[in-house]
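So the structure is just underneath, and the comments pick up after that.
Since we're looking at a predicted model, the values are computed, not measured.
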Amino acid sequence: MTEQETQVRTAGSGRRDYDVVVAGGGAAGLSGALALSRARRSVLVIDAGAPRNAPAAHAHNYLTRDGTSPLELLAAGREEVTGYGGRITRGEVVAAERLESGDFRVTLGDGSAVTARRLLVTTGLVDELPQVTGLAERWGREVLHCPYCHGWEVRDRPIAVLGTGPFAVHQALMWRQWSSQVTLLLHTAPEPGTEESEQLAARDIAVVRGKAEALEVTGDRLTGVTMADGRTIPCVAVVVAPYFTARAGVLTSLGLEATAQEMGGHVIGTYIASDPAGATAVPGVWVAGNVALLNETVIGAAAAGLRAGVAINTDLIAEDTRLAVAARRGDR
């Protein structure tokens with residue numbers, strides 16, 4: 001058992017353990033922890049060890065680190081945080097409560113608990129994928145959703161867009177920027193309207209009607225999509241639109257409810273509302289990353305974590321100052 005794990009298991013006995021507990025050890029959480037550790041705050045990052053982008057081989061559009069493995073980015077981030085005195089432990093935060101003192105008690109899945117003055121929640125989201133055989137197994141490899149993350153890697157190659165909602169045409173037109181070989185599989189999406197059909201035709205995007213049944217894989221490589229009628233549509237990548245569900249259990253335990261995210265009147269997921277710095281409606285609780293913004297990228301999540309870390313430290317400075325003034329007045 002590591003020193004960090006020992007402290008987590010023995011803490012929570014009535015004393016305050018940390019200035020800040022960070023729930024989630026992805027880009028947002030580590031970035032916030034880095035800023036706070038450099039501000040000489042005592043910080044504990046509790047990480048479940050299941051980053052959303054773990055299946056992806058590379059992270060992109062992260063300036064100076066484009067193409068780096070997401071796991072390598074996180075390993076480097078952990079080293080930086082601990083280098084400034086921050087602590088990191090493996091575990092899952094399942095609940096939190098505010099104590100009479102104003103601090104928070106954070107409970108982990110194994111029943112242990114720690115206390116902190118402030119909370120930063122960066123637990124991310126869950127991608128709920130369409131029910132097509134083989135889709136989940138290829139997620140993050142050839143099953144994609146973000147062209148800015150993966151478009152360059154499949155440029156000029158056959159791409160199938162799996163339609164599951166009213167934005168299927170929008171997806172197809174967007175991915176057309178990276179390849180002239182885009183096919184829209186209507187699957188469960190509505191039939192394109194007259195204007196949409198004209199747009200698809202003008203961009204040479206083929207439309208295939210009928211439901212997709214399974215992915216075809218040869219030699220551990222995606223080669224096509226098999227339709228329910230037996231046809232196979234050749235492709236090297238399948239584009240999907242997941243339903244994005246915020247990992248908000250710990251926030252729900254504090255009284256915060258997830259908000260439905262709509263796009264064009266269609267609900268695409270849930271998130272936790274916050275101000276631009278990540279402060280939630282519960283004083284002392286901040287959020288950053290995909291739990292607060294569904295389309296946040298890795299570099300954006302890191303920036304959001306930094307903003308939240310700075311805001312939390314500013315809040316703590318104000319509290320420290322109030323307490324110091326009150327103590328000084330009491331000494332007179």
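For the pair Ser179 (side chain) and Arg157 (backbone), a donor-acceptor distance under 3.5 Å is present. Judged by distance alone, with hydrogens and angles left aside, the side-chain atoms of Ser31 form no donor-acceptor pair with the main-chain N or O of Ala28 at under 3.5 Å. Between the side chain of Glu196 and the main chain of Gly193, a donor-acceptor pair closer than 3.5 Å is present. For Asn313 (side chain) and Leu36 (main-chain N/O), no donor-acceptor pair under 3.5 Å exists by modelled atom type. Of the possible donor and acceptor atoms, none in the side chain of Ser253 sits under 3.5 Å from a partner among the backbone N and O of Ala95. Judged by distance alone, with hydrogens and angles left aside, the side-chain atoms of Arg155 form a donor-acceptor pair with the main-chain N or O of Trp152 at under 3.5 Å. Between the side chain of Ser112 and the main chain of Leu108, no donor-acceptor pair closer than 3.5 Å is present. Within the 3.5 Å criterion, the main-chain N or O of Glu142 finds no donor-acceptor partner in the side chain of Arg138. A donor-acceptor distance shorter than 3.5 angstrom exists from the side chain of Thr280 to the backbone of Val285, with no hydrogens or angles considered.
Between atom CG of residue Asp19 and atom CD1 of residue Ile312 there is a gap of 10.5 Å, rounded to the nearest 0.5 Å. Interatomic distance, Arg221 CZ to Arg141 CZ, rounded to the nearest 0.5 Å: 7.5 Å. Taken from CG in Asn290 to CZ in Arg247, the straight-line distance is 10.0 Å, to the nearest 0.5 Å. Rounded to the nearest 0.5 Å, atoms OG1 (Thr183) and CD1 (Ile159) are 9.5 Å apart. One finds the CG atom of Leu162 at 4.5 Å from the NE2 atom of His187 (value rounded to the nearest 0.5 Å). A distance of 11.0 Å separates CD in Gln171 from CD1 in Ile205, rounded to the nearest 0.5 Å.
Contact of the Val287 side chain with the Thr122 side chain is not registered, since no non-hydrogen atoms from C-beta on lie closer than 4.5 Å. When side chains are defined from C-beta on, Tyr84 counts as touching Leu34, because their heavy atoms get closer than 4.5 Å. Taking the side chain as every heavy atom from C-beta outward, Val208 and Leu186 never approach each other to under 4.5 Å. Two residues are said to be in side-chain contact when any heavy atoms from C-beta on lie closer than 4.5 Å; Trp139 and Leu129 meet this criterion. Considering only heavy atoms from C-beta on, Pro192 comes within 4.5 Å of Leu200 through its side chain. Thr68 places none of its side-chain heavy atoms less than 4.5 Å from the side chain of His58. A 4.5 Å side-chain heavy-atom check between Leu30 and Arg78 finds at least one atom pair inside the cut-off. You'll find the side chain of Val238 reaches within 4.5 Å of the side chain of Val225, heavy atoms only.
No more than 12 heavy-atom neighbours from other residues, nucleotides or ligands sit within 6.0 angstrom of CZ on Arg40. Remark: Glu198 CD is loosely packed, at most 12 non-hydrogen atoms of other residues, nucleotides or ligands lying under 6.0 Å away. The environment of CD in Glu262 is crowded: more than 12 heavy-atom neighbours from other residues, nucleotides or ligands sit within 6.0 Å. More than 12 heavy-atom neighbours from other residues, nucleotides or ligands sit within 6.0 angstrom of CZ on Arg231.
Checking Glu216 against Thr223 by side-chain atom types alone, a donor-acceptor pair falls below 3.5 Å. In this model, a donor atom of one side chain and an acceptor atom of the other lie less than 3.5 Å apart for Glu128 and Thr245. Side-chain N/O atoms of Thr115 and Asp17 include a donor and acceptor closer than 3.5 Å.
In this structure, Pro283 and Phe104 approach most closely via the heavy-atom pair O-CZ, 3.4 Å. Nearest heavy-atom pair, Val45 versus Ala33, reported as atom, atom and distance to 0.1 Å: CG2-CB, 3.5 Å. The heavy-atom pair separating His60 from Cys149 by the smallest distance is CD2-O, 3.0 Å. The shortest heavy-atom contact between Val240 and Pro242 is O-CD, 3.6 Å. Among all heavy-atom pairs drawn from Ala292 and Ser274, the shortest one is CB-OG, 4.3 Å. Thr270 and Leu294 make their closest contact through O-CD2, 3.0 Å (heavy atoms, listed as atom of the first residue, atom of the second, distance).
Of the charged side-chain nitrogens involved, none lies within less than 4.0 Å of a carboxylate oxygen, so that Asp47 and Arg87 do not count as a salt-bridged pair. Salt bridge status for Asp275 with Arg307: absent, with no side-chain N to carboxylate O gap under 4.0 Å. Taking the charged nitrogens against the carboxylate oxygens, Arg117 and Asp315 have no contact shorter than 4.0 Å, which rules out a salt bridge. Salt-bridge annotation for Glu80 and Arg38: absent, with no side-chain N of the basic residue lying under 4.0 Å from a carboxylate O of the acidic one. The pair Glu191-Arg209 counts as a salt bridge, with a side-chain nitrogen and a carboxylate oxygen less than 4.0 angstrom apart.
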Test log, rule side-chain contact (heavy atoms from CB on, under 4.5 Å), inputs Arg118 and Trp286: CA-CA 8 Å; Arg118 303 290 187 271; Trp286 275 257; 3.9 Å; yes
Verdict with supporting geometry, Leu119 and Leu254, side-chain contact (heavy atoms from CB on, under 4.5 Å): CA-CA 11 Å; Leu119 297 182; Leu254 289 165; 3.9 Å; yes
Chi angles and distances behind the side-chain contact (heavy atoms from CB on, under 4.5 Å) call for Thr133, Glu213: CA-CA 6 Å; Thr133 301; Glu213 186 170 90; 5.6 Å; no
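Relative ring orientation between Phe167 and His170 is described as perpendicular, the plane-to-plane angle rising above 60° on a 0-90° scale split at 30° and 60°.
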